[in-house]
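This is a predicted model, so every value here is computed, not measured. In what follows, chains carry the letters A, B, and so on, assigned in the order in which the sequence lines appear, proteins first and then strands, with residues in each chain numbered from 1.
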Amino acid sequence: MSIAPKYTYVKLGNLKAGSVINVYGVVVFFKQPFKSRGTDFCSTLKIIDQSNQKIGCTIFCEKLEDHPKVFQNGDIVRMHRVKVQPCKSIMLVNTFGFSVVTFDGVVGTAVEPRTSSRSFHFDQDDRRMVEELRTWAASQAVLPTVTATVPLSAVQPKVYFDLTCQLLAKAPIDTTCTLLRVWDGTRCPHTLLKVIVEPHITEGQASFSKERENLIANVLVYDNHVEVARQLKPGVFLRIYNLRAIPGSTKVPGLTSSQSEEVDHLAFHLHGGTSYGRGIRVLPDNSPDVQELKRYSGRLKTNAPADLPFLGYGSVPDSADPHAVILVLVYSFVNNKLSLILPKAI
DNA sequence: GTTTAGGCTTGG
């Protein structure tokens, strides 16, 4: 019979350079795993505990599932076998036998370990640790609190925000850009940019009813996020971090040559890079945020798809606008580049 | 037995 290992945890204020230790902390900054220039994915975390010491952590693992499952600031992370590395200040880097478990940071919610390892140590002391850290974090006014993500109904132009949503469809635009068509069941008060692509390059439903279309945000993800987007299956629930709402207007020639119409819209871009934690994460269906989303989305009806035989890109003003003009800018691939071939107002 | 990165945006 084996004896259950007993782990001891070092407070972040007592780290000794060179030692290999176990720690608990509250996440105050994080980046989803991204491909390093070496062989591994790299996660970046900043954590804090009751000693009020903020410590940066860098995790290298080849497999994505071995990385910390952090969904938002305030999550609690437990790491085994990290090395205290002296750099500018001190930081933690994973070492041999590294393992990590994370927990929701909200006081009063279930203490459910998030991990993909089949066997991991978890006992009453761990439960107490998590509860103590939650309570402590909640009492710290300066910590980034567990903020809800912004629903589409509350998005303001020009902001960066985190969006919790369901992926309905996706389509490659070019090698550096992929379109993700998402919704969260709420209606954005701003006109959303419409991006329409050919049905045959779309994965997932190619088109939706007009009512549904008005609820769909077209998110353009670039560069390093294209590879992540490639793995996503329509239907999954996502959190997109540091998404940017870009206001724009499209100038389109009117029906008479002297007129032109300006139509405002809101576009969503996930720029390349990982600054400010930019990235995409799949959320498990049982997470509280996804449960909440399903309550909204469940109210909405699905209608039969319409026929969209062209490749287009344009803006549709809010249908509430009595002077609504539907603009269709038709683009096509010419020499592998997306080119405008036909602007027209209907 | 240890390369990778070492937060900090802005465009498409």
Side-chain angles (χ1 to χ4, degrees), chain A residues 15 17-21 25-48 54-64 66-68 70 72-73 75 77 79 81-99 143-144 156-163 171-180 193 195 197 218-227 229 240-248 250 265-281 313-314 329 331 333 336-340:
Chain A
L15 303 180
S19 57
V20 173
I21 51 151
V26 180
V27 176
V28 292
F29 172 78
F30 64 97
K31 282 186 183 185
Q32 296 302 336
F34 57 93
K35 202 92 188 87
S36 74
R37 274 187 262 272
T39 56
D40 298 330
F41 284 94
C42 176
S43 290
T44 298
L45 295 180
K46 189 167 272 181
I47 59 174
I48 193 169
K54 269 187 204 168
I55 299 289
C57 313
T58 300
I59 310 300
F60 294 108
C61 294
E62 200 166 5
K63 289 194 242 154
L64 277 173
D66 295 335
H67 281 260
V70 177
Q72 60 191 342
N73 283 335
D75 281 357
V77 60
M79 293 186 283
R81 294 162 215 101
V82 284
K83 190 168 185 175
V84 183
Q85 210 176 71
C87 66
K88 273 176 286 180
S89 53
I90 231 166
M91 68 177 300
L92 297 173
V93 181
N94 63 311
T95 185
F96 301 101
F98 168 78
S99 75
L143 291 193
Q156 295 301 313
K158 296 202 277 195
V159 300
Y160 289 90
F161 68 107
D162 296 342
L163 178 67
I173 300 294
D174 61 35
T175 55
T176 67
C177 179
T178 293
L179 168 69
L180 298 181
L193 174 78
V195 183
V197 296
N218 289 304
V219 176
L220 295 167
V221 310
Y222 291 95
D223 304 338
N224 51 316
H225 311 297
V226 167
E227 173 59 20
I240 306 176
Y241 301 92
N242 199 237
L243 187 57
R244 185 147 83 120
I246 303 176
T250 315
H265 63 246
L266 212 48
F268 297 105
H269 287 214
L270 186 67
H271 291 300
T274 63
S275 306
Y276 284 82
R278 255 188 247 143
I280 303 173
R281 164 121 230 160
Y313 183 105
L329 302 180
Y331 282 72
F333 284 102
N336 276 335
K337 206 138 174 79
L338 205 59
S339 310
L340 181 66

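Here Pro86(A) pairs with Ala17(A) under the side chain to side chain contact (heavy atoms under 4.5 Å, CB included) rule; sequence neighbours left out. The side chain to side chain contact (heavy atoms under 4.5 Å, CB included) check on Val226(A) picks up Thr178(A), with sequence neighbours excluded.
OP1 and OP2 of dT3(B) both lie 4.0 Å or more from every side-chain N or O belonging to Arg37(A). In this model, the phosphate group of dG6(B) is approached by a side-chain N or O of Lys31(A) to a distance below 4.0 Å at OP1 or OP2. Residue Arg244(A) places no side-chain N or O under 4.0 Å from the OP1 or OP2 atom of dG12(B).
Counting distance only, with no hydrogens placed and no angle test, the side-chain atoms of Lys46(A) and the base atoms of dG7(B) include a donor-acceptor pair under 3.5 Å. For Asp223(A) against dG12(B), a side-chain N or O and a base N or O form a donor-acceptor pair under 3.5 Å. The base of dG11(B) does not come close enough to the side chain of His269(A) for any donor and acceptor atom to sit less than 3.5 Å apart.
Counting to the nearest Å, the P atom of dC8(B) and the OH atom of Tyr241(A) are 18 Å from each other. A straight line from CZ of Phe34(A) to C1' of dT3(B) spans 14 Å, rounded to a whole angstrom. One can place CD1 of Ile47(A) at 15 Å from P of dG7(B), the figure rounded to the nearest angstrom. Atom CZ in Phe268(A) sits about 19 Å away from atom P in dT10(B), given to the nearest Å. One can place CE of Met91(A) at 7 Å from C1' of dA5(B), the figure rounded to the nearest angstrom. Distance Ile246(A) CD1 to dG11(B) P: 7 Å, rounded to the nearest Å. Straight-line distance from the CD atom of Gln85(A) to the C1' atom of dT4(B): 12 Å, rounded to whole Å. Protein atom NE2 of His67(A) is 12 Å distant from nucleotide atom C1' of dA5(B), rounded to whole Å.
Not a single donor-acceptor pair under 3.5 Å links the side chain of His67(A) to the backbone N or O of Gln32(A).
Taking atom P in both dG6(B) and dT10(B), the straight-line distance is 15 Å, to the nearest Å.
Considering only side-chain atoms of Cys42(A), the nucleotide from dA5(B), dT10(B), dG7(B) that sits closest is dA5(B). The side chain of Asp40(A) sits closest to dT4(B) out of dT10(B), dG1(B), dT4(B). Distances from the side chain of His271(A) to the nucleotides dT2(B), dG12(B), dT4(B) place dG12(B) closest. Listed candidates were dA5(B), dT10(B), dT3(B). Nearest to the side chain of Phe60(A) is dA5(B).
Tyr241(A) and Phe30(A) have their aromatic ring centers within a separation under 6.0 angstrom.
Stacking between Tyr222(A) and the base of dG11(B) is absent under the criterion of ring centres within 5.5 Å and planes under 30 degrees.
Toward the 5′ end of DNA chain B lies the nearest nucleotide of Lys83(A), the other residue of the pair Asn242(A) and Lys83(A) mapping further downstream.
If you run side-chain contact (heavy atoms from CB on, under 4.5 Å) between Phe98(A) and each of Val20(A), Asp66(A), Ile59(A), only Ile59(A) comes through.
The shortest heavy-atom contact between Lys35(A) and Thr39(A) is NZ-O, 3.7 Å.
As judged by a 4.0 angstrom heavy-atom cut-off over every strand, Thr95(A) is placed among the base-contacting residues. If you check every strand for non-hydrogen atoms under 4.0 Å, Ser275(A) touches sugar and phosphate atoms only. Across all strands, Lys88(A) comes closer than 4.0 Å only to sugar-phosphate atoms, never to a base (heavy-atom distances).
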